[in-house]
Amino acid sequence: MFADNWKISLRQVRRLLVLDIFGLSSLMMPGILSSLTGADGIFCLLFGMAGGCLLLLFMGANLKQMKESYYHYMVKTVGQFLADFFMVFYFLYFITLCGFVLYQAVTLVLSWMLPEGGFWWVGLLLVLLAAYGTARGIEGRARVYEILFWFLGAPLLVMLFLALQKVDTDQWAPIVYSNGGDILQGSLSFGVFLLPLTGILFLKPFCREGERLASCARTALISVALLDGVVYLVLLGVFGGNTMGVLKRPVITLMSMVNLPGGFFTRQDVVMISVWFFALFALLHTGVFQSSLILKELFHEPGVRWSLCAASGLAFLIALAFFRNDVLEEVYGVYQKWVALPGLAGIPLVLLLAGWIRHGNVRQKGEGGRD
């Protein structure tokens, strides 16, 4: 899995990141923002994008300081204990994300594709496929999703264009109506869906031109934010804020309403659902990869067999817990916004400050020795 010859291009990383953050954000964000802010949700997307760009600036500064893996960089910067603590924090984020995304993907399949299916069979199949893809290597995974990127993106753009005829621009009013607290909440909510971008900190050993990963992620972030903005305005113009706020997956509902000209393809909604299915599966794949890599680093495993098995098994159990208990989804939302978001944003800042202090002390010792 983690072979020395794993190298992927920045273009492949960018397309993987777009799939990672677009699928879940476009599926869930419209309902969250419309219930909080209505038409002002577009400002939440812009503020969230600005916050994400700021976070990527800090991550880019850390990437420039790295000579080896992210874990070794943390050990050298803040010591073994804090490095292990940070790695556990990252692991908890990625493994819970993995389970939540698996739950969302299985629910999507059971609701629209296999209504007679069961969670166990669909969930096990998806997590095993993600584990198999991870074991086959990041290069093969990047090539597959690079091809899928255009096969998924082209139909989405066509359907959004066709949906424009259903848009009522009066639904975009009133604007600049929400209070600052609601807009802040919405901006933080969008920031939560951008957290998978923190995975680039672990990708430097596997990527050509690893120092440019932050700028690559910034391009992906801006692209997804703009696309999410278009999706949001189309949905708002079709459904209105009140209706969109109560729909569980408004973008899927919209896809089922749009008909292709000529009426020769009556179930294009199923084809469109595949866009979100593969985007969710790409994020699931990323979660399995990151969780396995973190466990491998923490336990200094020479291979990856046990780390991959542990991550896959935990992801399935977490997804099963989400499926059986609806309250956990609310708890997970609180964890994401008030624990994961400040934690994952704060770790790169702590590392930068620790690095500056350490380098400052080294310089002072060097100057004292010369005196």
Check Ser274 against Leu152 and note the closest heavy-atom contact, atom names and distance.
O-CD2, 4.0 Å
Which residues end up grouped with Tyr132 if you chain together Ile, Leu, Val, Met, Phe, Trp and Tyr wherever their side-chain heavy atoms are less than 4.5 Å apart?
none
Rounded to the nearest 0.5 Å, the CE atom of Met66 sits from the CD atom of Glu211 at a distance of 10.5 Å
Do Phe86 and Thr77 come close enough that some side-chain heavy atom pair is under 4.5 Å?
no
Sequence neighbours excluded, the answer for side chain to side chain contact (heavy atoms under 4.5 Å, CB included) partners of Asp168 is Asp170, Gln171
For the OG1 atom of Thr198 and the CD atom of Gln290, what is their distance to the nearest 0.5 Å?
7.5 Å
Does the Lys337 side chain pair with the main chain of Leu188, one donor and one acceptor, at a distance under 3.5 Å?
no
Checking side chain to side chain contact (heavy atoms under 4.5 Å, CB included) for the pair Leu203/Ile138: CA distance, chi angles, key distance, verdict?
CA-CA 10 Å; Leu203 287 183; Ile138 193 172; 3.9 Å; yes
Just to verify, which of Tyr332, Tyr93, Phe94 counts as forming a ring pair (Phe, Tyr, Trp, His ring centres under 6.0 Å) with Phe100?
Tyr332
CZ/Phe193 to CG/Leu24 distance, rounded to the nearest 0.5 angstrom?
5.0 Å
Could you walk me through whether Leu341 and Gln336 pass the side chain to side chain contact (heavy atoms under 4.5 Å, CB included) check?
CA-CA 6 Å; Leu341 181 60; Gln336 286 269 78; over 6 Å; no
Phe299 and Met74: same hydrophobic cluster, using ILVMFWY side-chain contacts below 4.5 Å?
yes
Side chains of Leu247 and Leu235: does their closest heavy-atom pair fall under 4.5 Å?
no
Kindly give the cluster partners of Val327, where membership spreads through any ILVMFWY side chain lying under 4.5 Å from a current member.
Val331
Please walk me through it: do Met49 and Ile222 pass side chain to side chain contact (heavy atoms under 4.5 Å, CB included)?
CA-CA 7 Å; Met49 180 183 72; Ile222 294 172; 4.1 Å; yes
Sorted by chain and number, sequence neighbours left out, ring pair (Phe, Tyr, Trp, His ring centres under 6.0 Å) with Trp120 holds for Phe316
Do Val238 and Met257 have side chains that get closer than 4.5 Å, going by heavy atoms?
yes
Are the side chain of Gln185 and the backbone of Leu36 linked by a donor-acceptor contact shorter than 3.5 Å?
no
Residue pairs passing the salt bridge (charged side-chain N to carboxylate O under 4.0 Å, His left out) test with at least one member in residues 63-85, sequence neighbours excluded, are Glu68-Lys76
May I ask you to test the Arg249-Thr107 pair for a side-chain heavy-atom distance under 4.5 Å?
yes
Exercise: identify the closest heavy-atom pair between Val127 and Ala315
CG2-CB, 4.4 Å
With distance as the sole test, does Ser215 use its side chain to make a donor-acceptor pair with the main-chain N or O of Arg212 at under 3.5 Å?
yes
How are the rings of Phe81 and Phe85 set relative to one another: parallel (under 30°), tilted (30 to 60°) or perpendicular (over 60°)?
parallel
Whether Asp182 side chain and Thr37 backbone form a donor-acceptor pair below 3.5 Å
no
Taking only residues at least two apart or on different chains, which pairs with a member in residues 52-80 satisfy ring-ring contact (aromatic ring centres under 6.0 Å, His included)?
Tyr70-Tyr90, Tyr70-Phe202
Counting heavy atoms not belonging to Phe47, are there more than 12 under 6.0 Å from its CZ?
no
Heavy-atom side-chain contact between Thr286 and Leu16 under 4.5 Å
no
As an exercise, state the distance from CG of Leu27 to CH2 of Trp276, rounded to the nearest 0.5 Å.
8.0 Å
Main chain of Asp326, side chain of Glu329: is a donor-acceptor contact present, judged purely on distance under 3.5 Å?
no
Atom of Leu233, atom of Trp172 and distance for their closest heavy-atom approach
O-NE1, 2.9 Å
Is it possible for you to say whether Leu157 and Val231 belong to one hydrophobic cluster, with membership spreading through side-chain heavy-atom contacts below 4.5 Å?
yes
State whether the side chain of Ser26 and the backbone N or O of Gly23 hold a donor-acceptor pair below 3.5 Å, judged by distance alone.
yes
Restricting to non-hydrogen atoms, name the atom on Ala321 and the atom on Leu328 that form the minimum distance, rounded to 0.1 Å.
O-CD1, 3.4 Å
Before you tell me yes or no, could you show the steps for Phe43 and Ile175 under side chain to side chain contact (heavy atoms under 4.5 Å, CB included), namely the whole-Å CA-CA distance, both residues' side-chain angles and the distance that decides it to 0.1 Å?
CA-CA 10 Å; Phe43 297 116; Ile175 199 168; 3.8 Å; yes
Does Trp306 offer a backbone N or O that forms a donor-acceptor pair with the side chain of Glu301 under 3.5 Å?
yes
Same cluster or not: are Val339 and Val350 linked, directly or through other Ile, Leu, Val, Met, Phe, Trp or Tyr residues, by side-chain heavy atoms under 4.5 angstrom apart?
yes
How long is the gap from CZ on Phe281 to CG on Leu129, to the nearest 0.5 Å?
5.0 Å
Using modelled atom types and a 3.5 Å cut-off, is there a donor and acceptor pairing between side-chain atoms of Ser111 and backbone atoms of Leu108?
no
Minimal heavy-atom distance between Leu283 and Val101, with the atoms involved, is CD2-CG2, 3.5 Å
Any sub-3.5 Å donor-acceptor pair from Ser34's side-chain atoms to Gly245's backbone N or O?
yes
Shortest non-hydrogen pair, Leu10 vs Cys207, comes out as CD2-SG, 3.8 Å
Do Val251 and Val230 belong together in a cluster built from hydrophobic side chains that touch within less than 4.5 Å?
yes
What is the distance from atom CG of Leu110 to atom CH2 of Trp121, rounded to the nearest 0.5 Å?
14.0 Å
